[in-house]
Amino acid sequence: MLCRSTILIVILIAAPCVSEEVADQCGDEAGSCTDDASMLSTRVGQHRPLKAVRVHAEAEAKAGGHWWSRRLCSSKCALGENIRVVTDMGFDDWGAFSLLNAAGCAPQKALGIEGMLSSNFTGNLSKLLKSWGLDTEVYQGPPDNTCYTGKPCIFNVSTVTWLQGYRAKVYETLPLSTKEPWAEVEQWSDDVNSDMEEFWACPQGQEYTLLVISPSSAVAAQLLDASSGEATRNCIKEIVFMGGLFSNVQLNQNDPATAGSFSGPAFDLGNTSDASLLTEVNVVSDALAAQALWETNLATLGMPVRIFSLETASVAREGLQEILASGKTGMVTDTDQYNATENAVARLKENIDCSSPASMLAQMVCIHDKSTVATLDFDAIAAAYIWVGAADKMLNFNFERNNVTIETISGVATKTSADNSAASVATTFMPPLWFELLRQKLLGKR
């Protein structure tokens with residue numbers, strides 16, 4: 001059961017807000033954030049509830065005070081500018097692209113694969129990104145229904161009853177999401193590259209960070225390929241995965257809104273009646289690929305692996321924390337949690353002219369909806385780590401080294417602590433401060 005004091009109390013540790021690499025690029029401005037972190041740590045280290053921290057943060061920011069978000073370098077991402085993304089192109093993927101673009105490190109390349117959308121949606125993704133000025137080169141991934149080791153993918157419109165409706169909503173929302181009118185954008189060429197080998201390759205000295213916000217089928221196939229895998233692995237500095245669910249029973253009880261995104265086991269995806277068999281979409285879609293990357297061949301990868309699971313990367317956590325900070329007792333319903341989260345999103349929208357959004361990030365905030373159009377959820381939060389990195393203690397991205405196990409028949413994931421593991425699973429994240437980070441970016445103060 002979640003410890004209420006853990007949710008309500010924030011103790012922030014004074015530490016550099018960005019990595020040494022980014023601090024060198026940002027100069028004195030980046031380094032000065034440590035003083036602000038120390039000051040904030042002193043203030044909130046006296047067991048102030050999250051609501052008080054949020055109100056204090058917003059008040060200081062509006063007054064031009066020493067709020068941490070004014071101190072980070074706004075033009076660089078902590079994990080570097082060479083970013084590539086493997087994406088299934090859903091709404092939260094759109095949010096991830098918009099956040100990275102706002103942070104000044106729009107992905108160089110994106111590989112669209114089947115998942116929430118079919119891989120032939122890549123032309124539309126290219127047009128969406130291009131309309132907002134992103135130069136991201138979009139590649140089309142493997143043919144649909146092709147998973148790791150050549151097995152058919154189990155996650156499709158035949159096995160998942162809600163997927164067809166989700167895809168229809170994406171096509172309905174797309175014309176409302178581009179910068180230029182859709183009647184004009186629709187006429188643009190798709191500009192999709194079919195050379196997947198080119199997506200993975202890199203010139204010497206231009207290694208990249210890989211963000212995987214999709215099932216891992218194409219990643220496992222490439223990185224573990226007997227002939228080309230080693231060269232690809234040498235191109236990647238770090239892999240950040242959005243995926244996994246490690247505390248399914250606990251989260252099902254204590255975080256009902258996030259639980260609404262769970263899937264059933266691989267052998268019965270629509271059956272969510274047994275909490276011990278609940279899974280996360282990106283893992284259960286191709287459990288063999290997740291097992292190959294996170295478990296069987298983890299040591300072979302030879303690079304750090306970061307995993308953002310549903311325990312951490314959920315926008316609904318903001319609503320849960322607001323409810324608990326208000327002093328509410330008793331059972332929290334998914335409706336309560338959704339409504340509280342939407343209140344936080346509504347406060348973000350107060351900073352935007354949604355009739356004419358100035359940026360892709362602003363547009364994603366404007367179209368975010370608690371049910372289907374969740375542009376600020378899962379993948380967008382994983383992208384926030386690409387922006388600020390592990391050294392930034394304001395968002396409180398803490399990690400624990402774990403050995404991860406994937407039970408391939410069900411797709412259920414488990415983890416155990418292991419100091420020598422190359423896999424680090426995110427354990428904490430502070431949604432109120434993330435919302436403040438977004439607010440500052442939308443106001444042009446970052």
Side-chain angles (χ1 to χ4, degrees), residues 1-8 90 92 115-116 154-155 159-163 166 215 241-287 290-291 294 307-326 328-342 344 370-372 374 376-379 381-382 400 402 404-417 425-431:
M1 189 170 184
L2 290 177
C3 173
R4 186 175 178 190
S5 61
T6 301
I7 296 176
L8 291 178
D92 52 336
M116 300 303 288
I154 64 169
F155 189 86
T159 59
V160 181
T161 57
W162 52 263
L163 186 58
Y166 180 92
F241 289 94
M242 172 62 225
L245 170 63
F246 299 104
S247 303
N248 46 17
V249 175
Q250 180 184 15
L251 212 62
N252 191 53
Q253 292 175 342
N254 298 309
D255 191 348
T258 300
S261 299
F262 295 171
S263 289
F267 53 80
D268 192 0
L269 287 172
N271 185 355
T272 57
S273 60
D274 186 344
S276 68
L277 292 176
L278 293 173
T279 61
E280 184 274 331
V281 168
N282 286 344
V283 168
V284 76
S285 295
D286 195 344
Q291 182 191 54
W294 295 1
I307 299 171
F308 284 82
S309 67
L310 294 185
E311 285 84 355
T312 302
S314 169
V315 72
R317 201 66 35 74
E318 164 67 12
L320 180 62
Q321 293 194 2
E322 288 208 2
I323 291 169
L324 295 176
S326 71
K328 177 182 173 62
T329 59
M331 185 70 69
V332 175
T333 69
D334 57 350
T335 300
D336 293 337
Q337 197 176 344
Y338 278 130
N339 289 340
T341 302
E342 288 308 293
K370 65 183 179 182
S371 53
T372 306
L376 302 181
D377 215 347
F378 313 123
D379 297 344
I381 295 171
E400 180 183 78
N402 292 119
V404 174
T405 301
I406 307 295
E407 205 288 304
T408 56
I409 294 177
S410 64
V412 171
T414 56
K415 63 184 176 73
T416 56
S417 181
V425 178
T427 57
T428 56
F429 163 61
M430 290 306 302

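What you see below is based on every heavy atom in this structure, not just the backbone, and it leaves out hydrogens, waters and symmetry mates.
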Checklist entry - What residues, two or more places apart in sequence or in another chain, satisfy ring-ring contact (aromatic ring centres under 6.0 Å, His included) together with Phe267? => result none
Item to check | Closest heavy-atom pair and its distance - Asn252, Ala275 | outcome: ND2-CB, 3.8 Å
Checklist entry - Okay, side chain of Gln337, backbone of Ala316: is any donor-acceptor separation there less than 3.5 Å? => result yes
Checklist entry - Looking at Ala313 and Phe378, what are the two nearest heavy atoms and their distance? => result O-CD2, 2.8 Å
Item to check | Asn248 side chain to Leu278 backbone, donor-acceptor under 3.5 Å | outcome: yes
Item to check | Test item: Glu407 and Ile409 side chains (from C-beta on) under 4.5 Å apart, heavy atoms | outcome: yes
Checklist entry - Lys415 versus Ile307: any side-chain heavy-atom pair under 4.5 Å? => result no
Item to check | Flag side-chain contact, heavy atom, 4.5 Å: Leu245 against Val283 | outcome: no
Next on the checklist: Less than 4.5 Å apart, side chain to side chain, heavy atoms only: is that true for Phe246 and Asn402?
Outcome noted: no
Checklist entry - Among Asp379, Ile381, Thr312, which residue meets the side-chain contact (heavy atoms from CB on, under 4.5 Å) test with Met242? => result Asp379
Scan the side chains in residues 258-266 for donor-acceptor partners under 3.5 Å anywhere in the protein, sequence neighbours excluded, and list what turns up.
{"unit_1": "Thr258", "atom_1": "OG1", "unit_2": "Asp255", "atom_2": "OD1", "d": "3.0"}
{"unit_1": "Thr258", "atom_1": "OG1", "unit_2": "Asp255", "atom_2": "OD2", "d": "2.9"}
{"unit_1": "Thr258", "atom_1": "OG1", "unit_2": "Ser314", "atom_2": "OG", "d": "2.6"}

Item to check | Aromatic ring pairing Trp162/Phe155, orientation class (parallel under 30°, perpendicular over 60°, tilted between) | outcome: perpendicular
Checklist entry - Between Ser276 and Val412, what is the shortest heavy-atom contact and its length? => result O-CG2, 3.8 Å
Checklist outcome for this item: Taking every heavy atom of Leu163 against every heavy atom of Met116, the minimum-distance pair comes out as CD1-O, 3.6 Å
Checklist entry - With a 4.5 Å heavy-atom cut-off, do Ile154 and Ser285 have their side chains touching? => result no
Item to check | CG-CD distance between Asn339 and Glu322, expressed to the nearest 0.5 angstrom | outcome: 11.5 Å
Next on the checklist: When you measure from the side chain of Asp334 to the backbone of Pro256, do you find a donor-acceptor pair of N or O atoms at a distance under 3.5 Å?
Outcome noted: no
Item to check | Atom pair CD/CZ of Glu311 and Phe429 - distance to nearest 0.5 Å | outcome: 14.0 Å
Next on the checklist: Give me the atom names and distance for the closest heavy-atom approach of Asp336 to Lys328.
Outcome noted: OD2-CE, 3.7 Å
Checklist entry - What pair of heavy atoms forms the shortest contact from Gly90 to Tyr166, and how long is it? => result CA-OH, 3.4 Å
Checklist entry - How long is the span from the OG atom in Ser417 to the CD atom in Glu400, to the nearest 0.5 Å? => result 4.5 Å
